Amino acid sequence: MPGIASGLYNSIFRRNVVFLSAVFAGAFTFEIGFDQTLNRFWDWNNQGRQWKDIRHKYVESDEE
Amino acid sequence: MAPLPSRASTLLRTCPRRLLQCLNPAFATSQQRRTKADVVERSSGQYDQTARFESPFKNKNDNPTTKIPSFANYMSKKGETNNKTFQYFMVGGMGLLTAAGAKATVQDFLVNMSASADVLAQAKVEIDLAAIPEGKNVIIKWRGKPVFIRHRTADEIQEAEDTKWENLRDPQPDSDRVKKPEWLIMLGVCTHLGCVPIGESGDFGGWFCPCHGSHYDISGRARKGPAPLNLAVPEYDFPEDEKVVIG
Amino acid sequence: MLARSALRSARTTCNARSSLGRAAKRFATSSSSNATSEEASSPFRLTAAGSVATALAVGSMAWYYHLYGSSLYAMTPQEEGLHATKYPWEHEKFTKTFDHQALRRGFQVYREVCSSCHSLNRIPWRALVGSTHTVDEVKAMAEENEYDTEPNDEGEIEKRPGKLSDYIPAPYKNDEAAKAANNGALPPDLSLMVKARHGGCNYIFSLITGYPEEPPPGVEVAPGLNFNPYFPGTGIAMARVLYDGLVEYEDKTPATTSQMAKDVVEFLNWSAEPEMDQRKKMGVATIVVSTALLALSIWVKRYKWSPIKTRKIVYNPPVGGDPRSRSH
């Protein structure tokens, strides 16, 4: 644990520029990941209710 | 000269006490004594080592202390680096979340300014080309502007391709202006002042603008008159053989 | 001299305390000149002033409440209509979307039943794509309807088959035509009906399923109206329209009255708010992020304040006179 902490401290927190860049880059990646997680939760919570869940019924019958 | 400022400051210090006096008579009497003593001390130039500030809200019988308590029990057991890292992590995490939230907010406002769904839905026009015979012009409306669609004959294609385009006002080969040689699709807006040119007329067998006499050839290139540029070509695509989608 | 030094000490106090310093100075000068100001703030007068202020504040609040506090009803409870039953709508839960199969059925009910009188002006055909129907299905439905073209070269307006960007056509040309066809009653546009009526889904469901066989005894129903206890005033121009088996669902769901009502209400909720999914997702995201931010900011506040909250300032007065007097 001290190794991780000091490594993190020395690599990111020591220089303000690096710290700030890490915060903004982190914000960017966090947003993408957060949105994905939220969408996955939404899809899981709404299984079978959304259009993409029932779409195959109507698209396939059109193609046949 | 010397004692005056100190007297003034003493007076000033007593003022808040007087304010308190009117609120609390009991307090006033207890303070009166002290004030007098204070003045005596000041003027004699001696400070009472036991002098202390007495809070009006405190029980007088409390044992006052100037002893500094030991903070040893509050000392972190973890190392300095660990704590610093954790603190920076928390502060950075707050900045991260704030930045993400601010970005999302700003983005939502900007997205709000972009074209709405009903505008986008009308931004594309689908045309059935099978209905247009060879050698005919069709004018359709797209985003409020006329669009010329010409089904060119083989002779016309030949003519458009053989023209020496290098010396034209707005040099452009015919192959840059069409995706399929038999279908010429252009915005029907004269590049001079925006009139709608008339088809199958003019000196070059293409279009002629009646407003100021600009002539366009069978590839829609400006050949004569004030028009500075060739007729613009919109974005279009042939999803199927007999169908074109403009936009 | 005294005033000058007082001024100086007032200047040395920080900005936040400057007003206190000024008050203190004023007090110092007045107290040294006369004693009337002390009388002005005698305990009795202060108490009296405080009591009067309190009485005034309480009194004005009581008076305001007396004037505006109690609610006023334009209609009696009977005239307001029966309060709609609260149903456990699944799609109203804050992490749930619409059941799109129900939306598809609901659109069928709207199209086969409601659309003969009610318009759905704010819904374009394209909105159905990807929500209830496929592109080809919607295109086919849109093409069944005729729309006006742009004026042609002669200025004539012609008819053309519908496109995806067109809106679902209304049953009547205009409100006047709609009124004329319905005994003077205007069938309202349904696109925003769920939002427009108090009670939302519950109200509409109760209304369209709540027609009794016949009005209760003693109730007089005006000619041309029907009795519905849920409708404000109980006399509604619309008659009961949904009966068991009125519609044949393509997914073989038994078309009972309540099933059709439930489906069409859900569809109307969708038409009133097609952006519901986005809204709910945004809400969840906002709650999650702001909760985390709140926790973090509480931690950071405690962190920043900890040196201030745990410090102790000790003043050891120097022995041997005022250092300021020595410097002069």
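Convention: sequence-line order gives letters A, B, ...; per-chain numbering from 1. Keep in mind it's a predicted model, so treat the numbers as computed, not measured.
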Select one option (side chain, backbone, both, neither) describing which atoms of Phe89(B) are under 4.5 Å from chain A's heavy atoms.
both

Should Leu97(B) and Phe30(A) be marked as a side chain to side chain contact (heavy atoms under 4.5 Å, CB included) after you check the CA-CA gap, both sets of side-chain angles, and the distance that decides it?
CA-CA 8 Å; Leu97(B) 280 186; Phe30(A) 165 78; 3.4 Å; yes

Nearest 0.5 Å please: distance from the OG1 atom of Thr85(B) over to the CD1 atom of Ile12(A).
10.0 Å

Answer with side chain, backbone, both or neither: which region of Ala104(B) has an atom nearer than 4.5 Å to a non-hydrogen atom of chain A?
both

CG-CZ distance between Leu8(A) and Phe86(B), expressed to the nearest 0.5 angstrom
12.5 Å

When you look at NZ of Lys180(B), are more than 12 heavy atoms from neighbouring residues, nucleotides or ligands closer to it than 6.0 Å?
yes

Using a 6.0 Å cut-off, check whether atom CZ of Arg169(B) has over 12 heavy atoms from anything other than its own residue.
yes

In terms of heavy-atom contacts, Ala27(A) and Ala99(B) come closest through CB-CB, 3.7 Å

Can you tell me which portion of Phe28(A) sits under 4.5 Å from chain B's heavy atoms? Options are side chain, backbone, both or neither.
side chain

Close side-chain approach of Phe24(A) to Leu96(B), heavy-atom, < 4.5 Å
no

Can you tell me if CD on Gln87(B) sees more than 12 non-hydrogen neighbours from other groups inside 6.0 Å?
yes

I'd like to know whether NZ of Lys179(B) has more than 12 heavy-atom contacts from other residues, nucleotides or ligands below 6.0 angstrom.
yes

Do Lys84(B) and Tyr9(A) come close enough that some side-chain heavy atom pair is under 4.5 Å?
yes

